[in-house]
Visitor: 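Can you read through this structure? Questions will come right after.
Letters A, B, ... mirror the listed sequences (proteins, then strands); counts begin at 1.
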There are 2 protein chains.
Amino acid sequence: MDKNLKRMATMQRMQVTGLELFYKKGYYNTSVDDILKELSLSKGAFYYHFSSKEDFFIQIVENLVVRKIYSMLIEPIEGHENPLDLITNCFEDALETAVHNELDYGFVLSNFINEFNGRNPKIMKHLSDILKIWEVNLVSSIQKGKFNGHIDRHVDAEGVAIYLMSSYIGIRTLMVEMAPSARKYRFMTQLRQYFKSIESKPQTV
Amino acid sequence: MDKNLKRMATMQRMQVTGLELFYKKGYYNTSVDDILKELSLSKGAFYYHFSSKEDFFIQIVENLVVRKIYSMLIEPIEGHENPLDLITNCFEDALETAVHNELDYGFVLSNFINEFNGRNPKIMKHLSDILKIWEVNLVSSIQKGKFNGHIDRHVDAEGVAIYLMSSYIGIRTLMVEMAPSARKYRFMTQLRQYFKSIESKPQTV
DNA sequence: AAACAAACCGACCAAGCGGTCGGTTTAAGT
DNA sequence: ACTTAAACCGACCGCTTGGTCGGTTTGTTT
């Protein structure tokens with residue numbers, strides 16, 4: 001596509017373009033030829049590097065999707081500040097990125113989970129693992145917040161994590177469907193409202 | 001399948017089976033022949049009743065999906081009681097149904113939105129319409145709650161609706177992926193926490 | 001029983017799919 | 001210059017897909 005991508009190893013280029021198209025059109029609705037056409041490469045090149053379409057996809061998940069989730073949703077909440085602020089900013093940034101991406105097709109991870117759920121257990125396993133990592137990091141962040149006095153000691157960290165993940169997955173679906181900017185704003189306002197209700201109350205004991 | 005379904009009009013049977021398979025395996029991953037095999041019918045019968053696979057799907061959405069959303073998510077919140085209670089019970093029931101369905105593949109509507117988003121605008125329009133109906137009903141329910149003194153006058157009804165829809169869509173995705181019962185419980189607990197934060201405070205003026 | 005249309009059958013088609021394979025190009029080592 | 005192997009090409013295979021169509025069955029009307 002670009003001149004500076006010319007030197008990128010063929011395998012890498014295939015994976016990047018593969019993720020682009022799988023994300024845009026879905027796995028089953030994207031053929032190997034679609035990807036190869038985009039890169040002016042042949043079937044031979046593809047099956048020289050990957051043993052199957054499924055294997056190709058799993059490598060994409062392991063390499064590119066994992067990294068995306070880390071940089072967008074995990075690393076931003078890893079500081080020592082108030083977790084509620086970190087999460088608020090993290091979501092704010094992630095959603096803002098989606099708003100400004102005119103070719104947004106939703107949350108990569110939940111899109112794929114939806115597509116493979118009950119259809120391909122092998123791939124589902126890989127996607128579930130990523131989800132688990134996100135969950136674990138959210139939980140430990142919230143627990144840290146409880147310990148540091150930012151979050152009410154009585155709240156269930158697991159519960160908060162599930163609730164946050166749910167709402168994020170959902171808003172990303174809704175933003176794709178219509179009025180992303182307005183929906184993002186409304187979502188963030190309610191998120192702050194919810195956070196206010198679980199932050200530690202000053203008059204404790 | 002069942003003896004008592006034998007009298008069901010062929011068109012209806014096709015739609016019911018079609019929805020079953022589309023929901024289970026996805027639209028693109030389900031062939032017309034898959035549906036016909038299940039019913040022991042032929043291509044001729046299918047294309048006598050429907051002009052294309054797409055047309056078939058749209059009729060399924062208009063007939064069956066709409067009704068499902070109405071009975072599961074809209075009618076249960078139509079009473080005159082406290083909307084926060086109505087919505088809580090509505091979500092509780094909807095999620096409990098999912099928990100007890102061992103063959104659960106997530107929220108029909110969001111699954112299809114994910115599959116068709118950016119790929120088939122015509123179908124997307126029909127799905128968006130249903131989402132809009134849900135949103136409108138949630139908003140009016142919440143506004144009623146504000147008027148009747150159940151919900152704090154300062155909350156943004158649109159915002160609450162979007163937040164509720166987001167979280168519901170998300171938790172359905174998460175429940176499909178793992179531990180549905182535990183996740184449902186945690187979700188409902190946090191939902192109640194959130195609702196506590198937007199209910200009308202007794203000491204108002 | 002003749003007529004007729006609605007409902008249904010199933011062989012068929014072109015196109016597209018994932019995957020294979022014998023052969024060619026490219027580039028580095030000697 | 002020769003060898004060797006990695007990288008790549010593209011014709012090809014078997015199979016499935018959505019969709020077509022000439023023909024048969026079924027049920028109702030007269």
Visitor: Output all residues satisfying side-chain hydrogen bond (donor to acceptor under 3.5 Å, both in side chains) with Glu62(A), sequence neighbours left out; order by chain, then residue number.
Guide: His126(A)
Visitor: Name every residue in residues 112-123 of chain B that has at least one heavy atom under 4.0 Å from any atom of DNA chain D, in order of residue number, or write none if there are no such residues.
Guide: none
Visitor: Rounded to the Å, how far apart are Leu39(A) CG and dA7(D) P?
Guide: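 Spelled out: CG on Leu39(A) to P on dA7(D) is 16 Å.
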Visitor: State plainly whether the residues Asp152(B) and Lys146(B) are in salt-bridge range, i.e. N to O under 4.0 Å.
Guide: no
Visitor: Tell me whether the OP1 or OP2 atom of dT20(D) has a side-chain N or O from Tyr47(B) closer than 4.0 Å.
Guide: no
Visitor: Check Tyr168(B), Phe195(B), Tyr194(B) against Tyr163(B) for a ring pair (Phe, Tyr, Trp, His ring centres under 6.0 Å) and give me the one that passes.
Guide: Tyr194(B)
Visitor: Applying salt bridge (Lys or Arg N to Asp or Glu O under 4.0 Å) as the test, list every pair that has at least one member in residues 109-125 of chain B; sequence neighbours left out.
Guide: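 Only Glu54(B)-Lys122(B), Lys125(B)-Asp129(B) qualify under salt bridge (Lys or Arg N to Asp or Glu O under 4.0 Å).
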Visitor: List the atom of Gly149(B), the atom of Ser200(B), and the distance in Å for their closest heavy-atom pair.
Guide: O-OG, 2.7 Å
Visitor: Using a 4.0 Å heavy-atom cut-off to protein, can you give one letter per nucleotide of nucleotides 6-14 of chain C, 5' to 3': B if the base is in contact, S if only the sugar-phosphate is, - if neither?
Guide: SBSBB----
Visitor: Output yes when a side-chain donor or acceptor of Asn137(A) lies under 3.5 Å from a complementary backbone atom of Ile133(A), and no otherwise.
Guide: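 Looks like yes, one N/O pair under 3.5 Å.
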Visitor: Hey, does the side chain of Glu92(B) reach the backbone of Met188(B) with a donor-acceptor pair shorter than 3.5 angstrom?
Guide: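 Flag not set: sc Glu92(B) to bb Met188(B) has no pair under 3.5 Å.
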Visitor: Less than 4.0 angstrom from a charged side-chain N to a carboxylate O is my criterion; do Glu135(A) and Arg183(B) meet it?
Guide: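 Salt bridge between Glu135(A) and Arg183(B), a charged N being under 4.0 Å from a carboxylate O: yes.
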Visitor: Taking the ring centre of each residue, are Phe22(A) and Phe112(A) less than 6.0 Å apart?
Guide: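 No, they do not, as the ring centres are separated by 6.0 Å or more.
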Visitor: Which of residues 53-65 of chain A sit near DNA chain C, with a heavy atom under 4.0 Å from it?
Guide: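 The stretch gives Lys53(A) as the residues lying under 4.0 Å from the strand, ordered by number.
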Visitor: Would you say the side-chain atoms of Thr30(B) pair up with the backbone N or O of Tyr27(B), donor to acceptor, closer than 3.5 Å?
Guide: no
Visitor: In residues 26-34 of chain B, what residues come within less than 4.0 Å of DNA chain D, judged by heavy atoms?
Guide: Thr30(B), Ser31(B), Val32(B)
Visitor: Step by step, would you call Glu38(B) with Thr17(B) a side-chain hydrogen bond (donor to acceptor under 3.5 Å, both in side chains)?
Guide: CA-CA 8 Å; Glu38(B) 195 99 348; Thr17(B) 306; over 6 Å; no
Visitor: If we ignore hydrogens and angles and just use 3.5 Å, is the side chain of Asp34(A) paired with the main-chain N or O of Ser31(A) as donor and acceptor?
Guide: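 Yes.
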Visitor: Calculate the interatomic distance between Gln12(A) atom CD and dA7(D) atom P; express it in whole Å.
Guide: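 Taking atom P of dA7(D) as the reference, CD of Gln12(A) is at 14 Å.
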Visitor: Which atoms form the tightest heavy-atom contact between Gln59(A) and Gln15(A), and what is the distance?
Guide: O-OE1, 3.7 Å
